[in-house]
There are 2 protein chains.
Amino acid sequence: MSDQGKKHRTGCLVAYGVDTFGDRWTLLVIRDMLLHGRKTYGEFLTAGEDIATNVLALRLKHLEAEGVIEKTRDPDNRRSFIYNLTEKGLALAPVILEIARWSGKYIEADEGRQSLLDRIEEDRDGLLADLARRAKAQKSGRQNA
Amino acid sequence: MSDQGKKHRTGCLVAYGVDTFGDRWTLLVIRDMLLHGRKTYGEFLTAGEDIATNVLALRLKHLEAEGVIEKTRDPDNRRSFIYNLTEKGLALAPVILEIARWSGKYIEADEGRQSLLDRIEEDRDGLLADLARRAKAQKSGRQNA
DNA sequence: GATATCACTTGTAAAAAGCAAGTGAATTTT
DNA sequence: AAAATTCACTTGCTTTTTACAAGTGATATC
C-alpha cells in the first residue's frame, strides 16, 4: 500500500539516488522516457522487459511523488495519460548515459546501441542537449525530431 | 540460495547496469569502497546505513561473481578478507559521481559532501584519476593519500 | 448497443529483505 | 594454555516487495 519501502535518509548523495531509483525497474522506465520517447502506461508495459502492471503503477506513483515525472491527461484521448520527465527527471540523463557507457564496456552492443555509445564519447554535450530538447518538445506536445 | 533474482537480459545497456547494481544496497557498498576506502566485511556492516548481514553477504557474492569486486585474504590477519574494486568496479566511478551530482541538485549537502560536489564540477577528471589511484594503491597494499 | 482499449486495482503466491541468534576459525587476553 | 573476543559469515524466521493473473471502470470504436 506504500511506495518502495525503506529509505536510507542519511544525507548521503548516493543514498538519495538509490532511494529514488534504486530498484530493478525505475531506471528502465526513465530510460524509456528519455531514450525511447515512451510516455503512456501502455507503452511502458509493452516495452520489452515485462514489468508487472501493479509494479509499474507503483513506480510511476513513486516517481511522480518524487517529482521526477509528471502525469497529464492526453488531450486527444480522454482515457489516456501522458507521463513526462520533469527537470529533475531530465537531470538524470547523465546518470543514464554513464550507466550505458559502463555497460558498453562489458557487453556487446548492437548497431543502434553502439551508435549511442559512440555519440556519448564524441558528443556527449550535444547528445544531452538533444535529449533535453526532445523531452521538452514532447512535453509541449510537439513531435520530436 | 541464489543471488539477486531475475535478470532482464535484453541487450539493453541500462538493463545490464540495473542487473548488476539495481537494488537498494549494491551502490552503497561500491560507494563505500570507492569514496570511503572501506574494504572489509565489518567496515561495510557498520557503514551507517545498517545493511543486514545476510544481505551484505549476498551482495558481495553477487558483485564478486559479476567481476565488480575481488576478495583476497588480509595478509596481516588471517580471519579477515579484503574486498577491492576490480577495473570493472572502478569503472563505475563516473556513475557514482553522476548520481551524487544529481542528488546534489535536490538535497542539501554538508560541507564534506559539498566539497566533493565542487570537485566534480571543477576537476572531474582529476577526481576520477585520484579515485583510481587510491583504489589501486589499496589493492597493492599501500596506504592511500 | 456490443466490443475493445486504456489505465489501472485487487488478490494471492513467490521471492527478497530484515532481524536475531548462532557457528567456526583466528586472534587476543588473562 | 584456557578463556574470551573478533571476524566473517550462516541459519531460521518474520515482514516486506515483487510477480503473476484476473478483474474493474471509464472512454472510445465498431
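Convention: sequence-line order gives letters A, B, ...; per-chain numbering from 1. In this text the structure is predicted, and so the values were computed from the model without any measurement.
A:K71 has a side-chain polar atom (N or O) that falls below the 4.0 Å cut-off from OP1 or OP2 of C:dC8. Considering only side-chain N and O atoms, B:K61 lies under 4.0 angstrom from the phosphate OP1 or OP2 of D:dT10. When the side-chain nitrogen and oxygen atoms of B:S80 are compared with OP1 and OP2 of D:dT6, none of them lie within a distance under 4.0 Å.
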*Passes side-chain hydrogen bond (donor to acceptor under 3.5 Å, both in side chains), A:S80 versus A:Y41? Steps please.*
CA-CA 8 Å; A:S80 245; A:Y41 193 90; over 6 Å; no
*Applying salt bridge (charged side-chain N to carboxylate O under 4.0 Å, His left out), run through B:E70 and B:K88 and close with a yes or a no.*
CA-CA 10 Å; B:E70 57 189 12; B:K88 188 175 181 179; over 6 Å; no
*Let me see the working for A:K105 and A:E121 under salt bridge (charged side-chain N to carboxylate O under 4.0 Å, His left out), right down to the final yes or no.*
CA-CA 12 Å; A:K105 294 176 185 170; A:E121 298 306 322; over 6 Å; no
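B:R24 places its CZ atom 14 Å from the P atom of C:dA16, with the value rounded to the nearest Å. Regarding B:L45, its CG atom lies at a distance of 9 Å from the P atom of D:dA8, rounded to whole Å. One can place CG of B:L28 at 14 Å from C1' of C:dA17, the figure rounded to the nearest angstrom. Note: NZ (A:K7) to C1' (C:dG18) measures 17 Å, nearest angstrom. Residue A:I51 contributes atom CD1, which lies 16 Å from atom P of D:dT17 at whole-angstrom precision. The distance between atom CG of B:D76 and atom C1' of D:dT6, rounded to the nearest whole Å, is 16 Å. Between A:F44 atom CZ and C:dC8 atom P the separation is 10 Å, expressed in whole Å. Per the geometry, CD belonging to B:E49 stands 14 Å off P belonging to C:dC19, to the nearest Å.
Under the 4.5 Å side-chain heavy-atom criterion for grouping Ile, Leu, Val, Met, Phe, Trp and Tyr, B:V68 is not connected to B:I82 through any hydrophobic cluster.
Rounded to the nearest 0.5 Å, atoms CD (A:E87) and NZ (A:K136) are 4.5 Å apart.
Tested against A:Y16 for a side-chain contact (heavy atoms from CB on, under 4.5 Å), the candidates A:L13, A:V14, A:T20 yield a single pass: A:T20.
Within the 4.5 Å cutoff, no side-chain heavy atoms of B:I30 are placed close to those of B:L35.
Contact annotation for A:F81: backbone-only contact, meaning every heavy-atom pair under 4.0 Å involves sugar-phosphate atoms and none involves a base.
Toward the 5' end of DNA chain C, the nearer of the two residues A:Y83 and B:N54, judged by each one's closest nucleotide, is A:Y83. Map B:G42 and A:V55 each onto its nearest nucleotide of DNA chain D; the residue landing nearer the 5' end is B:G42.
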Interface polar pairs with nucleotides 23-27 of chain D, N/O, under 3.5 angstrom:
| residue | atom | partner | partner atom | Å |
| --- | --- | --- | --- | --- |
| D:dT27 | O2 | A:R79 | NH1 | 3.2 |

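Considering only side-chain atoms of A:W25, the nucleotide from C:dC19, D:dA19, C:dA7 that sits closest is D:dA19.
The rotation axes computed at either terminus of the helix from C:dG1-D:dC30 to C:dT30-D:dA1 lie 10° apart, taking five pairs at each end and rounding to 10 degrees.
Judged as a ring pair (Phe, Tyr, Trp, His ring centres under 6.0 Å), and not counting sequence neighbours, the contacts of B:W25 are A:H8.
Cation-pi geometry between B:K71 and B:Y83 is not met: the NZ or CZ atom fails to fall both under 6.0 Å from the ring centre and inside 45° of the normal.
Side-chain contact, B:D118 with B:Q114: a donor N or O sits under 3.5 Å from an acceptor N or O.
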